[in-house]
Amino acid sequence: MIIKPKARGFICTTAHPEGCYANVKEQIDYLSKKEKINGPKKVLIIGSSTGYGMSSRISTAFSSDASTIGVFFEKPSNGRSTASPGWYNTAAFEKLAHEQNLYAKSINGDAFSDQIKNETIDLIKKDLGKIDLLIYSLAAPRKTNYKTGEKYNSVLKPIGNVYSNKAVDFNTKVVSEVTVEPATEKEISDTVEVMGGNDWKLWIEKLKAADVLSEKFVTLAYSYIGSDITYPLYTKGTIGRAKDHLLETVPKIDQIIKDLDGKSYISVNKALITQASSAIPVIPLYISILYKIMKDKNTHEGCIEQCYRLFKDKLYKENVCVDELGRIRLDDWELEEDVQTKVRELWEKATTENIKTLTDINGYSSEFFKLFGFGLNNIDYEKDIDPIVDIPSIK
Ligand code: NAI
């Protein structure tokens with residue numbers, strides 16, 4: 001099959017196996033030049049196939065020699081269409097980890113289900129005994145309660161008021177105005193159910209009951225705050241409510257793992273181009289502006305740089321580096337005053353006419369397609385290749 005990008009709105013429906021392999025390899029190469037970390041040894045990552053979860057997996061494996069189990073929800077190829085990028089990423093990750101004699105196995109399925117939780121517990125018992133770190137990096141559009149059959153959908157909406165602001169279509173590069181209607185009460189509670197802390201806590205309860213958590217076990221979930229421009233839609237909107245719920249879950253999880261001297265944390269990360277963030281109105285424009293400023297200032301980071309800094313400078317330290325609410329802050333450079341002042345200035349000025357010079361919209365677009373394995377140097381995109389790629393640990 002000759003595989004080309006097929007974009008539909010903010011998604012791309014194809015992925016390139018060799019390009020995804022090159023993306024994973026690039027992240028590993030970045031770490032190979034960095035100092036090793038005396039970090040975790042046996043790690044479970046929920047949402048490990050793309051974005052922050054994948055970089056967390058790569059980082060713990062290749063900087064701390066950790067054994068990793070990854071859980072995700074991805075689509076293999078049936079020979080007629082390609083697999084999803086997370087499938088190819090994981091195939092690449094396992095291959096490269098095994099070459100370094102690192103343990104790496106994966107489970108594909110719905111992390112919200114009991115079945116996947118039980119499969120994961122069985123695998124930990126069989127191969128690792130106990131885990132010392134769990135990273136919860138799920139970005140899911142919906143959740144099913146398998147006991148009742150009830151379905152919950154996560155939405156990105158403001159609460160209380162209509163939100164109108166500028167946005168850019170990163171395919172056409174046209175700047176326009178978007179208006180998002182406020183969420184209903186049901187949409188708010190559904191979003192909290194999908195993206196809040198309930199399932200994170202359930203994982204910990206089940207793992208604890210199965211006795212597969214080690215002494216001084218640590219767990220992390222990822223959050224975002226961002227700029228006042230996106231505040232009404234994100235931080236003060238439905239997804240922000242879910243993120244508040246994650247933070248409220250921290251003391252509950254701490255209570256469950258108290259006897260292990262364990263600890264849970266929220267890590268507030270930087271805005272980055274991932275499949276999840278591209279779906280949020282106004283975020284592509286915000287990121288295009290932010291990247292331009294942070295690249296000029298030399299403080300720009302991608303997922304792998306963020307994750308390496310998280311483990312090296314924030315978490316695996318004598319004293320974990322946290323703010324007044326106990327949160328790890330990887331958004332420190334994004335929120336520097338001069339950066340945010342400049343973001344507001346460029347936001348006001350951005351139009352269809354100046355978007356390409358004023359912001360990093362071209363960088364956004366290429367990085368978006370890179371998530372799917374497209375636009376990389378040294379890949380022959382005219383070559384006929386087999387879309388069916390096996391993940392070694394998945395039968
Ligand atoms: P992503 O879309 O790249 O990754 C999502 C992961 O969740 C994938 O591995 C996917 O397979 C998995 N997944 C989705 N539904 C699943 C299910 N039902 N069962 C099992 N796995 C499932 O997302 P991204 O952006 O890396 O987000 C991860 C976390 O980081 C989210 O909590 C997000 O809010 C947070 N975050 C993201 C930021 C960003 O700018 N991208 C910034 C700060 C925090």
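Numbering of ligands and ligand atoms starts at 1, following listing order. Only this structure's heavy atoms are used, side chains among them; waters, hydrogens and symmetry mates stay out.
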field: Salt-bridge contact K105-E94 (side-chain N to carboxylate O under 4.0 Å)
entry: no
- prompt: Hey, are K41 and D65 close enough for a salt bridge, meaning a charged N less than 4.0 Å from a carboxylate O?
  reply: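 Salt bridge: no.
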Could an N or O of ligand 1 be found under 3.5 Å from any N or O of [X], whether backbone or side chain?
X: A111; result: yes
X: T274; result: yes
X: Y224; result: no
X: L138; result: yes
X: N269; result: no
X: K243; result: yes
X: S49; result: yes

If the cut-off is 4.0 Å to any non-hydrogen atom of [X], which atoms of ligand 1 fall inside it?
X: S48; value: 9 (O)
X: A140; value: 15 (N)
X: L272; value: 39 (C), 40 (O), 41 (N)
X: F112; value: 18 (N)
X: D110; value: 17 (C), 18 (N), 19 (N)
X: A271; value: 40 (O)

Does some non-hydrogen atom of [X] fall short of 4.0 Å from ligand 1?
X: G109; answer: yes
X: R142; answer: no
X: G86; answer: no

message: Is it the case that over 12 heavy atoms from other parts of the model lie below 6.0 angstrom from the CG atom of N38?
response: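 No, not enclosed.
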message: Below a 4.0 angstrom heavy-atom separation, can you tell me which part of E74, side chain or backbone, both or neither, approaches ligand 1?
response: side chain
query: Who gets closest to atom 3 (O) of ligand 1 by heavy atom: L371, N108, I283, T50?
result: T50
- request: Could you pull out all residues at least two apart from S288 that satisfy side-chain contact (heavy atoms from CB on, under 4.5 Å)?
  value: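 Checked S288 against side-chain contact (heavy atoms from CB on, under 4.5 Å); matches are T359, I361, Y364.
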